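Step one of this worksheet: look at the structure below.
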Amino acid sequence: MLSSALESIGSGVQRVDVAVVGAGFAGLYLLHKLRESGFSAVALDSADDVGGTWYWNRYPGARCDIQSVDYGYSFDPELEEAWNWSEKYATQPEILRYLGFVADRYDLRRDIRFGTRVTGATWDEADHRWSLTTSNGAPVSCRFYIMASGCLSTPKPPEIGGVDDFNGRIYFTSRWPPEGVQLAGKRVAVIGTGSSGIQVIPLIAAEAAHLTVFQRTPNFAYPAHNGPAPADKIAAVKRNRADYREQARWSMGGVPLQAATKFSWELSEAERRERFENAMAAGDLLSPLFQLWADLAVDLEGNALAADLLRERIRSLVKNPATAEMLTPRDHPFGSKRPCLETNYYTTFNRPNVSLVDLRREPIRSITASGIETDTRAVDVDIIVFATGFDAMTGAMLAVHPIAGRDGRTLAEVWANGPQTYLGLAVAGFPNLFMITGPGSPSVLSNMVVSIEQHADWIIDRFVAMRETGFTAIEATETAQSSWERHMKDCSTVTLHRLANTWYTGANVPGKPWGVMPYTMGVGPYRGICNEVVSRGMLGFMLSGPDGAQQCNDGEIVRLQPDVRLMLNAMADMKLPPLESLGAQGARDFANQMNANRPPARPIGEIIDGTLAGSEGPLAYRLYRPATPGPHQIVVYFHGGGWLLGDEKSDEPFCCDLCRRAGMIFLSVGYRHAPEHRFPTAAEDGYAALRWIHAHASELGGLTGPLLVAGWSAGGNIAAVICQLARDRSGPPIAGQLLVCPVTDCMFERPSYEENAEGYFLTSSLMSWFWDLYCSPADRTDPRASPLRGKLDHLPPAFVTTCEFDPLRDEGIAYAKELATAGVPVEQLQARGHFHASFTMVDVVLTGVEGRVKMAEALRRFASAQHT
Ligand code: N01
């Protein structure tokens, strides 16, 4: 049992249930909640007062850039009523006053040791406690140790030689003196143009005799439109406070926001411009990121459209075109590096007392006695301001003091190649150590206050549960941690953050290991995962207690690709009836409705419909032509749908995407369906279509000669079958086959059928319904139904894609293996974390892009091999 009041034992050791590092937003809320939950706690902070980052960052112009109404605690509605923000974006002094107000209101100061730094932390396995040494006052013994030390609290060192030679004054924005700095009449240099630089530069320019800004990388910034706290928004929040805060908790960025659903290619240029102007007028950091178009944050082309508009805005504000160009970001996608809100930033460069030095063209050689020397000039100044940022996310935890966990291993050793955490909350090997907004959690990609409250609540709820069950230690398992690391990597492929050199990835600190540190998939999805860890019996945590009591439900919390998980969860929430319960027509109606709601495909050269001669009459087809000059290689494509659903248009996004990527014509065949037309109609229609297309290739604008074939699911079955038929019936020639999650066999006994029987859209029950409608049991072993049972030699080279969470996975793998055994050149893509429809849900399952890139490359290889 944990004690419920602060107790001290022996001489001079402060013994508490929980010790917290930091008395900022996180530390204060932790103290309050711990006390409320009956735990004794102490917070240690090197500052002389509360505030955390807001205590230190006192530079002129320092403000929040999440609107004040959103940038406050939500745990107590009475606190919200009791505090009124004066401005839309509160200044640093006002935020500091707010935190002081909170500390007083809940009488928190009595449990904070100010002016005290933790100098070392060691886990004591025998007692299940942490021992802390401190720079000032008694050491601390605590059951739990929580790092609420902030993501941006360890300033980067200057990294520029000669600092000690400088005769003037040096300041850091992150350590600005409380008494302020005399700037009037001074020549000032500011190094750095991140959020701090962009906030401080206009104010220094207004006071100083001359300001020289040393810029290494220009940043995207847009207007804050600060002013009085917006009465309408505040009234709206008050009217529905609980609901508003709950929306924030489940949002992407920790602020309720209606995200854009339309893609850039669905909007005309005028519409895009209108959206952009509205977003600029909103004066909001998140609006341009989330509300312009749906592909902005995930796709380079969509992103570039927004970036161009932002660049245009810079040109319109900065009079000197050369200066405007210098201020224009060109080396990273918009949003991949943290954008900034600006107030008079760009127009400051129109002032006669401001100059800009581009460090990409003339790097700083050194600081000298009189100023700053670059490769081409010497700039004499009286004051140098470093706005050069922080050793973010890991700096405070690693640099401040050694943390020695189980077996004496230090956190610095364990994180030598980058931070490893479970959920950004815990680290394997460090029992009872928790982080608030640690690397691996949404943290700096969110409204910090929302994320702080979520972490504090989650952690303290665990303490309460442990008190009830008698466990005294909790630790993340290695399995859970490494699977979270893999999940983090998967997430980082969805957004564009990986494409910028930024403190999000550690790239701003020389020698720091590279990796996207914050969780990129959003606050709401992350909260859902944390909750799921609990509901699945503390999945991935080892709990232990006195007398060797242990409980461990080891495992991996997310095995699906992040977007697949979100999509399947959304589908599960819809509580749709099983497709097979709807009857054939009902299932078709449903599939058509689903298709009508999906994002439209990106434009390609041309889409035309036509008719070809099938085995027993005309069949519809749809032809997708690339925008490049023809003639093009033709790929004969067969859609999925269990031989029952879909038509020549139903895989349009997939056909368009591969048509664009491969630069080939995709001709999707409208073969006839079961149950009206049972086996072998689909296969024979497919073969007849192949012959017709081969004979009419040049009329279709295609290259004559061998064709390529492709298909998904049941369409993959048809594509595989017609390769065998073409071999056995003397043509037409096929240069390659792309089989995506193909049905290759009628046997249900493979492990993938058992493992994925339910829950991943294509269930075994649905698959068995498809088979029943298509084919009698007696016919199923015919190679035209189960190509795996056919002869597999002398077939065209193949690229076989299978998905981990798909009943058809093992038969696809078996087909690839048997093809290889038969001497057919075969490549496989076994897609981890994907499900049956991952690759055809273009612009929905974004992690499918990489696979489609490989498919297009394979098609190009097949096409070029026939000419060599
Ligand atoms: O730090 P930064 P920041 N020589 O790392 C440059 C939050 N915040 O303090 O980009 C020359 O963003 C560096 O150049 P480069 C917010 O999350 C919020 O401004 O590395 N230049 C860059 O221009 C923010 O993102 C608010 O090439 C050097 C700048 O210094 C985070 O804190 C306000 C250099 C550093 O920018 C950090 O912001 C302020 C060198 N050796 C901060 N080293 C709000 O509004 C670095 N630079 C809430």
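Every value quoted in this text rests on a predicted model; they were computed, and no experiment measured them. In each ligand, atom 1 is the first atom listed, and ligand 1 is the first ligand listed. Hydrogens, waters and symmetry mates play no part in the numbers below; they use all other heavy atoms, side chains included.
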Which heavy atom of the protein is the closest neighbour of [atom], given with residue, atom name and distance?
{"atom": "atom 1 (O) of ligand 1", "result": "G389 CA, 3.2 Å"}
{"atom": "atom 36 (O) of ligand 1", "result": "G194 CA, 3.4 Å"}
{"atom": "atom 9 (O) of ligand 1", "result": "S196 OG, 2.6 Å"}
{"atom": "atom 37 (C) of ligand 1", "result": "W503 NE1, 3.7 Å"}
{"atom": "atom 32 (O) of ligand 1", "result": "L152 CD1, 3.3 Å"}
{"atom": "atom 23 (O) of ligand 1", "result": "T193 N, 2.9 Å"}
{"atom": "atom 44 (C) of ligand 1", "result": "R63 O, 3.2 Å"}
{"atom": "atom 24 (C) of ligand 1", "result": "S195 OG, 3.4 Å"}

[X] vs [Y] aromatic rings, parallel, tilted or perpendicular, using cut-offs 30° and 60°?
{"X": "Y345", "Y": "F349", "answer": "perpendicular"}
{"X": "W83", "Y": "F101", "answer": "tilted"}
{"X": "F25", "Y": "Y98", "answer": "tilted"}
{"X": "Y526", "Y": "Y519", "answer": "tilted"}

message: Restricting to non-hydrogen atoms, name the atom on Y222 and the atom on L310 that form the minimum distance, rounded to 0.1 Å.
response: CD2-CD2, 3.9 Å

- prompt: How far apart are the closest heavy atoms of P218 and T328, and which atoms are they?
  reply: CG-O, 3.5 Å

Check for me whether [X] has a heavy atom closer than 4.0 Å to any atom of ligand 1.
{"X": "E342", "value": "no"}
{"X": "V444", "value": "no"}
{"X": "Y504", "value": "no"}
{"X": "Q215", "value": "no"}

Can you list the atoms of ligand 1 that are under 4.0 Å from a heavy atom of [X]?
{"X": "C64", "answer": "48 (C)"}
{"X": "I191", "answer": "11 (C), 21 (N)"}
{"X": "E159", "answer": "41 (N), 43 (N)"}
{"X": "L359", "answer": "11 (C)"}

task: Please confirm whether the backbone N or O of H332 pairs with a side-chain atom of S336, one donor and one acceptor, at under 3.5 Å?
output: no

query: Using a heavy-atom cut-off of under 4.0 Å, does the side chain or the backbone of H332 touch ligand 1, or both, or neither?
result: neither

- request: Could you check which of D331, T217, I66 puts a non-hydrogen atom nearest to atom 15 (P) of ligand 1?
  value: T217

- prompt: Between the candidates R338, R216, Q199, M448, which shows the shortest non-hydrogen contact distance to atom 34 (C) of ligand 1?
  reply: R216

- prompt: Taking the six-membered ring of W176, is NZ or CZ of R58 closer than 6.0 Å to its centre and within 45° of its axis?
  reply: no

Within 45° cone and under 6.0 Å: R338 NZ/CZ vs W503 ring: no

query: Should D391 and K156 count as an ion pair when the cut-off is N to O under 4.0 Å?
result: no

message: Is the shortest side-chain heavy-atom distance between M435 and V427 below 4.5 Å?
response: yes

- request: Would you check if there is a donor-acceptor pair between the side chains of Y29 and D457 at a distance under 3.5 Å?
  value: yes

field: Within-cut-off N or O pair, A387 and ligand 1, under 3.5 Å
entry: yes

